Amino acid sequence: MKIIKLDAIDSTNTYLRQLSNTELLEDFTIVVAASQTAGKGQMGTTWSSEKGKNLTFSVFKKISCLDTDEGFYISMATSLAIYNALTYFQIPKLAIKWPNDILSESQKICGILIESVIQNSKMTAAIIGIGINVNQTKFENGLNASSLKKITGIHFDLDEVMFQLTNQLKKYSRLITDRSFDLLKTEYESLLFRKDKPSTFRKLNGDLLMGFIQGVGEDGKLNVLLEDEIVTAFDLKEIKLLY
Ligand code: BTN
């Protein structure tokens with residue numbers, strides 16, 4: 001496993017993609033940065049993180065066994081790996097908020113941005129970008145963000161957290177290569193935030209929707225039981241689960 005440590009970079013995901021375009025990367029090449037000047041979040045958002053206090057890194061994972069419509073298994077495996085690594089550090093009340101935010105006590109402590117590397121219309125690798133709030137204690141109001149330190153009062157060693165995370169990522173990426181999809185889906189669904197509880201969602205047009213999360217489809221869509229006992233599948237662009 002090769003780890004590239006950088007002081008500052010625009011985005012570790014962008015850096016790793018550019019590197020993969022110019023050289024043949026070893027499986028599990030990791031780029032970690034003390035600070036990102038243009039950290040990317042999901043759906044075109046930005047990811048900000050105080051320099052040196054948190055973990056912002058990307059993993060180059062070779063994956064050639066998945067069809068393009070099976071990409072969500074990478075999200076499931078990554079979320080589960082992080083969930084388990086954080087369980088090791090006894091972070092309380094962990095949950096996975098669909099599609100792949102990690103929460104503790106209903107606050108976001110980790111975000112994941114997965115980008116696929118496609119060659120000749122086939123996925124050859126994934127760039128798994130992970131941002132974990134570790135020792136930062138101040139967050140912008142309204143973000144509902146927190147960190148390991150803010151929640152536990154403990155200052156964490158970044159290398160130690162990174163070590164647990166990469167171990168778990170290796171373990172869970174084996175489930176992808178073994179195509180143990182049922183196992184991944186069952187464990188992922190069992191840890192979903194607000195599963196089977198009445199929840200509020202915001203639709204693209206701003207309307208609010210009430211329903212019960214039932215699980216996810218193979219394509220990663222969220223299955224929600226709506227009024228009239230109808231189960232509808234929504235994708236990430238269609239709805240946002242409110243806290
Ligand atoms: C989100 O929740 O919106 C996803 C955030 C992902 C942030 C990480 S930090 C390391 C990697 N590099 C990036 O530019 N983004 C991801």
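As the structure is a computational prediction, the values presented were derived from the model and not from experiment. Read the numbers this way: they start at 1 and go in the same order the structure lists the ligands and their atoms.
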May I have the list of side-chain donor-acceptor pairs in residues 146-153 shorter than 3.5 Å, sequence neighbours left out?
residue	atom	partner	partner atom	Å
Ser147	OG	Gln136	O	2.6
Ser147	OG	Lys149	N	3.4
Ser147	OG	Lys150	N	3.0
Lys149	NZ	His155	ND1	3.4
Thr152	OG1	Leu148	O	2.7
Thr152	OG1	Ile154	N	3.1

(message) Any donor-acceptor pair under 3.5 Å linking the side-chain atoms of Glu160 with those of Tyr88?
(response)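 Absent: no donor and acceptor within the cut-off.
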(request) With a 4.0 angstrom cut-off on heavy atoms, strictly below it, pick out the residues next to ligand 1 and order them by chain and number. (result)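 Answer by chain and number: Ser11, Thr12, Asn13, Gln36, Gly39, Lys40, Gly41, Gln42, Thr45, Trp47, Thr56, Phe57, Ser58, Asp101, Lys108, Gly111, Ile112, Leu113, Gly129, Ile130, Gly131.
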(message) Can you list everything that forms a ring-ring contact (aromatic ring centres under 6.0 Å, His included) with Tyr73? Sequence neighbours excluded, please.
(response)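 ring-ring contact (aromatic ring centres under 6.0 Å, His included) check on Tyr73 returns Phe181.
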(message) Looking at Phe28, I'd like to know if the NZ or CZ of Lys170 sits under 6.0 Å from its six-membered ring centre while staying within 45 degrees of the ring's axis.
(response) yes
(message) List the residues meeting side-chain hydrogen bond (donor to acceptor under 3.5 Å, both in side chains) with Lys108, not counting sequence neighbours, and say none if there are none.
(response) Asp101
(message) I'd like to know if Arg202 and Asp207 make a salt bridge, using a cut-off of under 4.0 Å between side-chain N and carboxylate O.
(response) no
